[in-house]
There are 2 protein chains.
Amino acid sequence: MEDVAERAKVSRALVSLVMNNSPQVSEEKRESVLRAAEELGYRPNLAARQLAKRRTQTIGVLVDDLRNPFFGEVVDGIEAEAANHGFTALILNGHRDARRELDAVETFLQFRVEGMALVGPRVGDDDLARLGGTTPCVVVASGSAHPGVDTVTTDGRWGAELAVEHLASLGHTRIAHMDGGSNVSAEERRAGYRSAMQAAGIGDFIDIRAAGDDEADALDVIDELLSAADPPTAIFAFNDLLAAGALNRLDDAGVAVPEDVSLVGFDNTFIAALRHLSLTTVNQPTLAMGRLAVETLLTRLSDGTDEPMRHTLEPQLVVRSTTGPPPMQSSGTASGSAEHI
Amino acid sequence: MEDVAERAKVSRALVSLVMNNSPQVSEEKRESVLRAAEELGYRPNLAARQLAKRRTQTIGVLVDDLRNPFFGEVVDGIEAEAANHGFTALILNGHRDARRELDAVETFLQFRVEGMALVGPRVGDDDLARLGGTTPCVVVASGSAHPGVDTVTTDGRWGAELAVEHLASLGHTRIAHMDGGSNVSAEERRAGYRSAMQAAGIGDFIDIRAAGDDEADALDVIDELLSAADPPTAIFAFNDLLAAGALNRLDDAGVAVPEDVSLVGFDNTFIAALRHLSLTTVNQPTLAMGRLAVETLLTRLSDGTDEPMRHTLEPQLVVRSTTGPPPMQSSGTASGSAEHI
DNA sequence: ATAGACCATTAGAGCGCTCCAATTCAAAGT
DNA sequence: ACTTTGAATTGGAGCGCTCTAATGGTCTAT
């Protein structure tokens, strides 16, 4: 910067003004500075700028799992909105592990990010509240109900209800739920499943199995479910990945979907839309969630409210081909008719 | 930091030493500093540290597309290895667009990252070389042959050859290639396709269609292919996503895979492994690529070679159920027999 | 007893920038 | 001619840390 100033025959301060394109610089000087910078390949040092400005214009984005396309979509939304406001999004990966998430948050804090978006975090509510005290922090995930933290969520309870209602209306009674394990969103979806089962008058059949959020997590659970005394005719899975894993295993076992068993996922990732899976699922408006997360953060930054802000978006059932009426009562297992929607 | 020093009754310098856990601090003082820091909730300011240290211990990771699970896997590898060496990985998203990639690189440079890993970049070779001059830079992608830049790649040419040889050995002659468009890896795969076609003595049938690297990019191309005078009996797609899109469209058109048309993808993402797609594809060792990328960067940092380093990994054909022998010569279109592997 | 060696500790300069207050200069007002 | 105004420019302090060289202290060798 020193050099640029010298070369352009101006003071360092003026260079700074040009670099921040302040309006009160004469066209003449501006150009000469820009030229000098160009010639010397000068690039402002972000660390120094941040230090001097006492601002970083950066938000931290903690992603649970980069392999799940759902998160990729949310992050896309966050990045787009952040860029709109001149913010840079710093992406860190939680690797589906609470301890590593905490490390990542620690890194964010050292970076002095102005806000953090935790996308599908696994850290406990207590840690969350503690963090939120220091730096604005928004939890993005369906069905998080964290006290004292801002949240952007798709109504997971409602989403689960949509799924169960759909299955119930097709005539299913034995509907099982493969739940999300330690995933934050798991609880709300579980609750939705429960309430919808009750509402449909089939509360007696409530069957919740601890699974997870990855295809591999589905395998054992499907085996359990199939070998149960009274196997379900429909399964509501925590997310699309889990549902995909279920589909794999059901196929292995020679169980036809949806003829023998109906299956519903969650997230409406592009995987669900693949024709060969054609998974009935519950849509989350990922892009909107991302954008809203950033907006929330910015509001929090300027605003001084204590009230936690909660944005809840509407889920939407997307019916595809993995759901249909249950097999005839008589025929206990495979073979079922093909008359689905 | 001032406050911590005061509280622990030591100098600022000592606090700094403790924070960098220097060995030459007495146990007594170390503890008292740590305690003071804890009590005050002190957290070192990374920007200040970087500025003073003249090092950032950070590498930039530019990802082409966060929705494609392939990239997620590579990034996982990068992050793991970076962490091993005390580096933080800064992830930025290129959004499949060369201009935005350049912006991201600019950001990296301002951050003073010590190295950059460009995962599946789209920027031109000239820009690449220019960047590489400033900051160590490794291109991670299958089949990149960028002059003057370090690369970690899976041999895309070979991978393509494996795919074509497999199809040819099944008896296919009319094998088309849906290529990767502006994706860096496209050219090598194209070349591999060409050479394998020649080698198999079916060079006359070479048919390359510009497609892309996203499911949506497949649609039009499939339509074209199907309505051609002499439609192919096999298609080698640039990547799994494209293949998945192709699968969708073929299904729409009532074309059976692999009975009527065989299909091969690339990347071996988890999508390909889904039982309902069960896509024959070419594996890339993603994790190893990520790790190797970081190693390359670190070598470049310590070493002073001018020679560009090129790591080329072996692709591997993964045969699943989307490939089989071509339909009987006689039956021109749909219906084909079911005798596949 | 004195010099030398060695350890833990500290003062203080400096990293590359921004920003405030101060300065310069030209044009306008009286 | 003089002050007033305002825009363009600059000097310099300071952001929070690290690092070098210097300081004080303790211990061993002579």
Side-chain angles (χ1 to χ4, degrees), chain A residues 1-38 40-58 86-88 106-114 134-135, chain B residues 1-37 40-58 86 88 106-114 134-135:
Chain A
M1 178 164 177
E2 197 75 57
D3 306 334
V4 174
E6 194 178 328
R7 182 161 192 133
K9 297 191 209 308
V10 296
S11 67
R12 276 170 31 252
L14 219 228
V15 176
S16 170
L17 288 180
V18 172
M19 281 323 192
N20 292 283
N21 45 60
S22 149
Q24 51 171 6
V25 191
S26 69
E27 205 47 47
E28 181 193 4
K29 301 268 179 183
R30 155 168 279 120
E31 273 179 27
S32 98
V33 168
L34 252 24
R35 187 155 12 90
E38 170 77 14
L40 281 105
Y42 167 76
R43 225 178 296 274
N45 181 319
L46 218 50
R49 166 179 290 186
Q50 293 177 349
L51 189 57
K53 267 214 166 91
R54 245 90 47 83
R55 294 203 50 180
T56 56
Q57 297 264 82
T58 290
F87 277 73
T88 302
E106 180 64 24
T107 304
F108 284 146
L109 259 21
Q110 295 194 4
F111 257 110
R112 300 294 190 266
V113 297
E114 300 187 22
T134 328
T135 302
Chain B
M1 177 159 177
E2 197 76 57
D3 306 335
V4 174
E6 194 178 328
R7 181 157 191 137
K9 298 193 207 307
V10 296
S11 66
R12 278 171 26 253
L14 222 228
V15 175
S16 170
L17 288 180
V18 172
M19 281 322 192
N20 292 283
N21 45 59
S22 148
Q24 51 172 7
V25 192
S26 70
E27 205 48 47
E28 180 192 6
K29 300 269 178 181
R30 153 168 282 120
E31 273 180 27
S32 101
V33 168
L34 252 24
R35 187 155 12 90
L40 276 79
Y42 167 76
R43 224 178 297 274
N45 181 319
L46 219 50
R49 165 179 292 188
Q50 293 178 350
L51 189 55
K53 266 214 166 93
R54 246 88 51 82
R55 293 203 49 181
T56 56
Q57 297 263 86
T58 290
T88 302
E106 181 64 25
T107 305
F108 284 146
L109 259 21
Q110 294 193 3
F111 257 110
R112 300 294 190 268
V113 297
E114 300 187 21
T134 330
T135 301

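Lettering follows sequence order; numbering is per chain, from 1.
For B:L51 and C:dT18, the CG to P distance is 12 Å, given to the nearest whole Å. Computed from coordinates, the A:Q57 CD to C:dC17 C1' distance equals 15 Å when rounded to whole Å. Residue B:L17 contributes atom CG, which lies 10 Å from atom C1' of C:dT10 at whole-angstrom precision. Residue B:K29 contributes atom NZ, which lies 18 Å from atom P of C:dC7 at whole-angstrom precision. What separates CD of B:E27 from P of C:dT9 is a distance of 11 Å, to the nearest Å.
Between the side chain of B:R30 and the main chain of B:S22, a donor-acceptor pair closer than 3.5 Å is present. Without hydrogens or angle criteria, B:E114 side chain to B:T56 main chain gives a donor-acceptor distance under 3.5 Å.
No engagement by A:V15 is indicated, since no non-hydrogen atom pair under 4.0 Å with the nucleic acid exists.
Along DNA chain D, read 5' to 3', the first and last nucleotides having any atom under 4.0 Å from a heavy atom of chain A are D:dA8 to D:dG16.
With sequence neighbours excluded, the residues that form a side-chain contact (heavy atoms from CB on, under 4.5 Å) with A:R43 are B:E106, B:L109, B:Q110, B:R112.
Nearest heavy-atom pair, A:A37 versus A:V4, reported as atom, atom and distance to 0.1 Å: N-CG1, 4.0 Å.
B:R49 places a side-chain heavy atom less than 4.5 Å from the side chain of B:N20. By the 4.5 Å heavy-atom criterion applied to side chains, B:L17 and B:L14 are counted as neighbours.
No donor-acceptor contact under 3.5 Å links the side chain of B:R12 to the base of C:dT10.
Residues B:A52 and B:E28 both approach DNA chain C. Their nearest nucleotides, taken by heavy-atom distance, put B:E28 toward the 5′ side. Comparing B:L14 and B:R54 by the nucleotide of DNA chain C whose heavy atom lies nearest to each, the residue mapping closer to the 5' end is B:L14.
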